[in-house]
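Each chain gets a letter, A, B and so on, in the order the sequences are listed, and its residues count up from 1.
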Amino acid sequence: MKVATWNVNSIRSRLDHATQWLQNNPVDVLCLQETKVVDADFPTEAFAALGYQTCVYGQKSYNGVALVSRQPMEAVQCGFTPVLGKERVGDLDDQRRVIAGLYDGVYVVNLYVPNGSSVGSDKYAYKLAWLACLQDYLAALLANYPLLNVCGDFNIALEDRDIYNPEAKANHIMASPLEREALKAVLTVGLADGFRKFTDEGGHFSWWDYRAGSFRRNLGWRIDHHYLSTALYDLATTCTIDIEPRRWEKPSDHVPVIVEY
DNA sequence: ATGGCCTAGGATCTAGGA
């Protein structure tokens, strides 16, 4: 079974890229983030034409996540609230950033973690609160689903080897100590980085800024991840980043990351 | 040192991204 995660930065702007990539890479489940479209306008038909089902959880202009799968996803849940309840979640589901479902015995969680804007901002506080909620959410899920694949755009590079120039980014958004600690705390529920099972060295990235020729110079960050429960981590056979779509015309700033088990 | 680019919405600019 293969699962891919890809922040497409608007599915309507990237529909040709998404369908072309899926034809070249017929994964079982494709997790999309930043779809930036209300559910009624999601291009479901384009995926149906390739033999794929869609489960969408979108909103106008911002955020939005979707599951694209060969077979129908089961036990689909949108947001934190179905698992944790309104009292715990509060307003953290107002932005649509979480969709999850069961596929062939694996519970796939598709996340778009808040960006946080800048260290110390209100959005930064929101990001940290969201990550604390995510920890409770995943701990609860793991009790029911021992085979858990938590993937998506985390907007955090966990280690220095995941950034092109870590010294200059030590307190930058996506690398600051509080964010990294929050994500490490999330992983203590029983998750490990699928990519790092197979690859130790740095220089592998999943996002490059549109500006300043960052991709051409490989000035990137590894912020899109597959975190696997222990049982699933043991089963994983590959985890790779496909940088090819970043070379296409009018690309997303992120590329797909694929795990196989 | 700064900004550099892209998208949506609704408009020739702003907000947000990372």
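Among residues two or more places apart in sequence or in another chain, the ring-ring contact (aromatic ring centres under 6.0 Å, His included) test is passed with A/Y227 by A/F154, A/H225. A/W208 pairs by the side-chain hydrogen bond (donor to acceptor under 3.5 Å, both in side chains) definition with A/N218, not counting sequence neighbours. The side-chain hydrogen bond (donor to acceptor under 3.5 Å, both in side chains) search around A/E244 returns A/R247, not counting sequence neighbours. Residues forming a side-chain hydrogen bond (donor to acceptor under 3.5 Å, both in side chains) with A/S61 (at least two apart in sequence, or on another chain): none.
At whole-Å resolution of the value, CZ in A/R96 and P in B/dA8 are 18 Å apart. Straight-line distance from the CZ atom of A/R246 to the P atom of B/dA18: 13 Å, rounded to whole Å. Atom CG in A/L15 sits about 12 Å away from atom P in B/dA8, given to the nearest Å.
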Pairs under 3.5 Å (N/O, protein and nucleotides 12-17 of chain B):
none

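Taking atom C1' in both B/dT2 and B/dA8, one finds a spacing of 26 Å when rounded to whole Å. Nucleotides B/dG4 and B/dT14, compared at atom P, are 14 Å apart to the nearest Å. B/dG3 and B/dG9 have their C1' atoms separated by 25 Å, with the value rounded to a whole Å. B/dC5 and B/dA11 have their P atoms separated by 25 Å, with the value rounded to a whole Å. Across the P atoms, B/dC6 and B/dT12 are found 22 Å apart, a figure rounded to whole Å. On the P atoms, B/dA18 is 13 Å away from B/dT7, given to the nearest whole Å.
Screening residues 180-190 of chain A for salt bridge (charged side-chain N to carboxylate O under 4.0 Å, His left out) gives A/D160-A/R180, A/E181-A/K184 as the qualifying pairs, with residues at least two apart or on separate chains.
Backbone-only engagement by A/W207 is indicated by non-hydrogen atom pairs under 4.0 Å involving sugar-phosphate atoms exclusively.
Applying the 6.0 Å contact sphere to NZ of A/K2 captures no more than 12 heavy atoms from other residues, nucleotides or ligands.
Sequence order on DNA chain B of the closest nucleotides to A/P251 and A/I173 puts A/P251 first from the 5' end.
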